[in-house]
Amino acid sequence: MSIGFEKIRVRFAPSPTGFLHVGGARTAIFNWLFAHKTGGKFLLRIEDTDVQRSGLDEVDAIIQGLQWLGLDWDEEIIYQSQRLQIYRKYIDELLLSGKAYKCFCSKDEIERQRQKAADEKRDFRYRLNRTCLKRSNEEIVAFEREGRLFAVRFKLPEGETVFTDHVYGEIKVDHQQLDDFIILRSDGYPTYHFAVVIDDSEMGISHIIRGDDHLSNTPKHILLYEALGKQPPVFVHVPLILGPDKQRLSKRHGATAVGEYEKAGYLPETVCNFLSLLGWSSGDDREIFSREELIREFSLEGISKKSAVFDEQKLEWMNGQYIMALSDERLLELVQPRLIAAGLLTQADIEKDKERILKILALLKPRLKRLSEVPEICSYFFEKPQAYDEKGMRKHWRAADVEEKLERLRTAFGKVTDFTTAGLEPVLRELCEGLDLSAAKLIHPLRLALTGRTFSPGIFEVMALLGKEVVLERIAAAIEFIQKNPVEVNALT
RNA sequence: GGCGCAUUCGUCUAGUGGCCUAGGACGUCGGCCUCUCACGCCGGUAACACGGGUUCGACUCCCGUAUGCGCUACCA
């Protein structure tokens with residue numbers, strides 16, 4: 001812990017790009033966990049100094065993502081766009097002390113010089129000429145009188161900056177690598193490097209936990225802290241999240257927004273758990289961590305230096321684990337909107353038929369990876385099969401005596417009064433014995449008739465939940481289908 | 001290009017000089033369970049980037065090379 005901060009205060013500071021990126025979410029989780037672990041505060045700050053790219057909707061999307069993940073923040077949300085006067089105050093301070101200076105060079109002019117340098121294979125550094133630092137007072141006053149726009153540059157001191165990152169250890173950077181970077185743009189907005197330092201300082205941030213793409217920027221920030229006579233916080237850079245091709249995770253890798261994972265049927269607990277394990281490890285062999293366990297186990301020491309590839313297969317597995325742990329009631333709550341949207345059920349159906357639906361979900365649970373699979377995987381419980389699986393027909397309905405077998409099943413089931421798993425199974429088994437057939441020989445054709453598919457939960461469970469009437473009906477419908485489409489069935493060899 | 005950082009199974013990782021014949025998880029492969037699909041269980045496959053040091057002894061420490069990523073903007 002650093003000297004000078006008695007309270008732990010961390011923040012998540014996204015720029016509003018329209019959605020919460022999984023990388024950002026992971027950073028937010030680490031911050032949140034650290035705050036909860038240490039009894040500190042977790043603050044939220046919106047970095048909306050790029051007016052072109054920022055808007056209220058974009059902010060909403062990020063807030064929604066955080067809420068979905070259950071990452072609540074303390075205190076009011078800070079918007080950088082509302083703090084312009086504060087930045088101005090500090091800019092003036094640096095201007096006055098000569099640690100920064102106004103730059104009247106136009107963007108175009110700078111770009112031209114940068115291009116020229118590139119052509120000559122030189123590095124462009126504004127500080128090599130410091131054109132505007134050399135201007136006379138008269139010149140500057142004249143520029144200002146004619147209303148010429150200016151940016152403010154930080155006057156980079158000579159030497160080197162050495163600091164200790166909590167994850168990466170000692171980092172040393174020679175100021176030769178740096179430039180008189182701009183801290184206030186000509187539109188009056190501060191740049192990221194300036195705003196971040198002012199805000200973290202004003203907000204009393206004790207630990208900056210952020211992506212390691214900022215590791216190289218940190219010397220600039222430290223220089224700014226020093227110029228302002230402020231105490232720098234502890235820096236904790238966390239490795240980036242990569243796509244399967246080891247490139248920085250981006251849209252072309254598929255889903256990168258947490259909202260997309262919500263849509264795809266992942267649970268927030270899964271996403272939190274999974275993301276926590278990307279770039280951090282508790283040191284033991286566990287994979288599944290409840291939120292409380294995560295808080296208990298989390299430590300900055302467990303953060304890795306190596307960037308991690310986002311492995312969606314493991315995410316899926318983990319989500320399956322979480323779904324299995326859900327109560328039937330909870331699963332129904334979660335899945336209800338999807339069932340309704342798919343047109344399988346109405347709100348009223350669900351209320352009326354709740355007991356049965358809960359039993360159906362219980363059967364589905366160990367088979368689920370994502371909530372979005374539910375409507376598709378259980379549709380036959382609520383409507384008759386739309387079609388029969390072709391491969392299934394070829395395999396199970398081709399025998400010449402299929403119709404007869406189905407007919408026998410129908411007759412036998414018709415006599416069953418105890419239409420439960422326990423009541424049905426012996427009936428089918430006895431029929432098999434009488435026919436000298438393995439149970440599978442009847443079960444597969446039957447499953448196809450009842451569900452239209454070659455796979456389902458245990459057939460007796462399915463029958464019990466379908467109910468006698470529906471079972472008899474569907475067997476009859478299958479027989480009729482086979483009779484009407486003998487060619488089709490037989491031609492499919 | 002310059003600078004910074006990283007480098008253990010395909011992937012996430014454990015490992016902080018001898019406990020490593022390198023452990024776990026996902027995936028994959030094989031098997032069991034079984035009416036199918038899952039679940040579950042059992043087992044297999046698979047890694048210390050490379051080259052030099054240091055040391056009695058290196059996955060662990062140092063140097064170099066390679067590769068990857070990041071920064072190098074009036075984006076954040």
Side-chain angles (χ1 to χ4, degrees), chain A residues 13-17 47-50 52-54 80 103 105-107 110-111 114 118 121-125 149-153 165 167-169 171-174 176-179 181-193 195-196 211-220 237 239-240 242 244 246-248 274 277-288 304-318 320-321 324 363-369 377 392 396 425 428-429 432 438-444 446-448 451 453-460:
Chain A
S15 60
T17 48
E47 310 229 320
D48 53 353
T49 53
D50 186 346
Q52 327 265 324
R53 287 178 10 181
S54 310
Q80 290 190 323
C103 176
C105 299
S106 71
K107 256 191 230 180
I110 298 286
E111 194 38 54
R114 199 187 305 280
K121 300 205 185 258
R122 286 184 291 115
D123 279 350
F124 173 77
R125 292 277 128 85
L149 292 176
F150 63 87
V152 175
R153 285 182 186 275
D165 181 87
V167 172
Y168 289 93
I171 307 282
K172 193 189 295 181
V173 172
D174 193 311
Q176 298 291 340
Q177 295 306 318
L178 274 24
D179 199 2
F181 57 92
I182 288 182
I183 54 179
L184 185 76
R185 299 195 299 232
S186 51
D187 64 3
Y189 280 80
T191 58
Y192 166 75
H193 299 305
V196 79
D212 86 2
D213 46 341
H214 287 306
L215 192 59
S216 301
N217 288 324
T218 305
K220 293 180 199 165
H237 286 95
L240 260 23
L242 273 25
K246 311 252 181 165
Q247 297 289 111
R248 197 175 178 159
F274 179 75
L277 261 26
L278 237 42
W280 171 78
S281 161
S282 69
D284 64 32
D285 284 343
R286 276 179 296 168
E287 303 289 336
I288 305 292
S304 146
K305 293 179 178 152
K306 196 185 124 193
S307 32
V309 173
F310 188 93
D311 179 7
E312 196 154 343
Q313 282 191 310
K314 187 159 183 178
L315 211 216
E316 270 215 339
W317 164 79
M318 195 177 275
Q321 300 291 308
M324 265 194 283
L363 291 183
L364 258 28
K365 239 196 289 183
R367 281 157 243 265
L368 285 177
K369 290 277 189 272
I377 209 177
H396 307 301
E425 183 155 2
L428 182 138
R429 302 251 177 226
C432 285
S438 70
K441 286 272 183 285
L442 290 186
I443 289 175
H444 292 306
L446 177 60
R447 170 173 286 115
L448 189 58
T451 69
R453 310 173 192 208
T454 54
F455 59 90
S456 77
I459 197 67
F460 305 109

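Each chain gets a letter, A, B and so on, in the order its sequence line appears, and its residues count up from 1. Keep in mind that what you see is a predicted model, and the values were worked out from it rather than measured.
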### Task
With the side chain of A:W317 defined as its heavy atoms from C-beta on, choose the nearest nucleotide among B:U72, B:C26, B:U36.
B:C26
### Query
For B:C71, does either OP1 or OP2 sit under 4.0 Å from a side-chain N or O belonging to A:R248?
yes
### Message
Mind checking if A:M324 touches a base, just sugar-phosphate, or nothing, with heavy atoms under 4.0 Å?
### Response
sugar-phosphate
### Query
Which one, B:U36, B:C75, B:C69, comes nearest to the side chain of A:F455?
B:U36
### Residue A:N217, side-chain atoms from C-beta onward, closest of B:A76, B:C5, B:C39
B:A76
### Message
Using 0.5 Å steps for rounding, measure from the CE atom of A:M324 to the CZ atom of A:R367.
### Response
11.0 Å
### Task
Assign A:L240 to base, sugar-phosphate, or nothing according to its heavy-atom contacts below 4.0 angstrom with the strands shown.
sugar-phosphate
Write out a two-atom table: protein N or O, nucleotide N or O from nucleotides 41-43 of chain B, distance below 3.5 Å.
none

#### Entry: A:I443 CD1 to A:C432 SG distance, which is reported to the nearest 0.5 Å
7.0 Å
### Message
Could you tell me how far B:C59 sits from B:U72 if I compare only their P atoms? Round to whole Å.
### Response
38 Å
### Query
In Å, rounded to the nearest 0.5 Å, how long is the span from CG of A:L442 to CD1 of A:I459?
11.0 Å
#### Entry: Of the listed nucleotides B:C35, B:C69, B:C12, the one nearest the side chain of A:V309
B:C12
### Query
Contact class for A:G279 (heavy atom, under 4.0 Å): base, sugar-phosphate, or nothing?
sugar-phosphate
### Query
Checking all strands, does A:R114 fall into the base, sugar-phosphate, or nothing category for heavy-atom contacts under 4.0 angstrom?
sugar-phosphate
### Query
Where the side chain of A:T49 is concerned, which of B:C74, B:G4, B:A76 is the nearest nucleotide?
B:A76
### Message
Can you confirm whether A:M318 sits close enough to A:L277 that some side-chain heavy atom of one is under 4.5 Å from a side-chain heavy atom of the other?
### Response
yes
### Query
Base, sugar-phosphate alone, or nothing: which one does A:A439 contact when heavy atoms must sit under 4.0 Å apart?
nothing
### Task
Would you mind checking if A:E425 and A:R429 are paired as a salt bridge, meaning a charged N to carboxylate O distance below 4.0 Å?
yes
### Query
Are A:H237 and A:T218 close enough that some pair of their side-chain heavy atoms sits under 4.5 Å apart?
yes
### Query
Checking all strands, does A:I182 fall into the base, sugar-phosphate, or nothing category for heavy-atom contacts under 4.0 angstrom?
base
#### Entry: From B:U72, B:A38, B:C35, nucleotide with atom closest to A:K220 side chain
B:U72
### Query
Do the side chain of A:R367 and the base of B:C37 come within less than 3.5 angstrom through a donor-acceptor pair of N or O atoms?
yes
Kindly give the atom pairs (protein nitrogen or oxygen, nucleotide nitrogen or oxygen) under 3.5 Å for nucleotides 19-21 of chain B.
none

### Query
Heavy atoms under 4.0 Å, any strand shown: does A:Q313 hit a base, just sugar-phosphate, or nothing?
sugar-phosphate
### Message
By the 4.0 Å heavy-atom rule, please label A:K365 as base, sugar-phosphate, or nothing.
### Response
nothing
### Query
Looking across every strand, which nucleic acid part, if any, lies under 4.0 Å from A:S281 by heavy atom: base, sugar-phosphate, or nothing?
sugar-phosphate
## Note on the structure
Among the nucleotides B:A38, B:G68, B:G2, whichever has the atom closest to the side chain of A:D123 is B:G2
### Query
Of the candidate nucleotides B:G70, B:C69, B:A25, which contains the atom at the shortest distance from the side chain of A:K314?
B:A25
### Task
Identify whether any heavy atom of A:K441 sits under 4.0 Å from a base atom; if not, whether one sits that close to sugar-phosphate; answer base, sugar-phosphate or nothing.
nothing
### Query
Would you say B:U67 has OP1 or OP2 under 4.0 Å from some side-chain N or O of A:K246?
no
### Query
Which part of the nucleic acid does A:T454 contact within heavy-atom distance under 4.0 Å: base, sugar-phosphate only, or nothing?
base
### Message
Taking atom types as they are modelled, would you say the side chain of A:S216 forms a donor-acceptor pair with the base of B:C3 within the 3.5 Å cutoff?
### Response
no
### Task
Scan A:P244 against the nucleic acid and name what it touches under 4.0 Å (heavy atoms): base, sugar-phosphate only, or nothing.
nothing
### Query
When you check the phosphate oxygens OP1 and OP2 of B:C75, does a side-chain N or O of A:R185 lie under 4.0 Å from one of them?
yes
#### Entry: OP1 or OP2 of B:C3 under 4.0 Å from side-chain N/O of A:K172
no
#### Entry: Nearest to side-chain heavy atoms of A:Q177, which nucleotide of B:C12, B:A76, B:C3
B:C3
#### Entry: Touch class at under 4.0 angstrom, heavy-atom based, for A:K107 against every strand present
base
### Message
Among B:A6, B:G24, B:C35, which nucleotide has an atom closest to any side-chain atom of A:R447?
### Response
B:C35
### Task
Hey, could you give me the NE2/NE2 distance between A:H214 and A:H193, rounded to the nearest 0.5 Å?
8.0 Å
### Message
Heavy atoms only, 4.0 Å cut-off, all strands: where does A:H237 land among base, sugar-phosphate and nothing?
### Response
nothing
### Whole-angstrom distance between B:U60 and B:A22, as gauged at atom C1'
12 Å
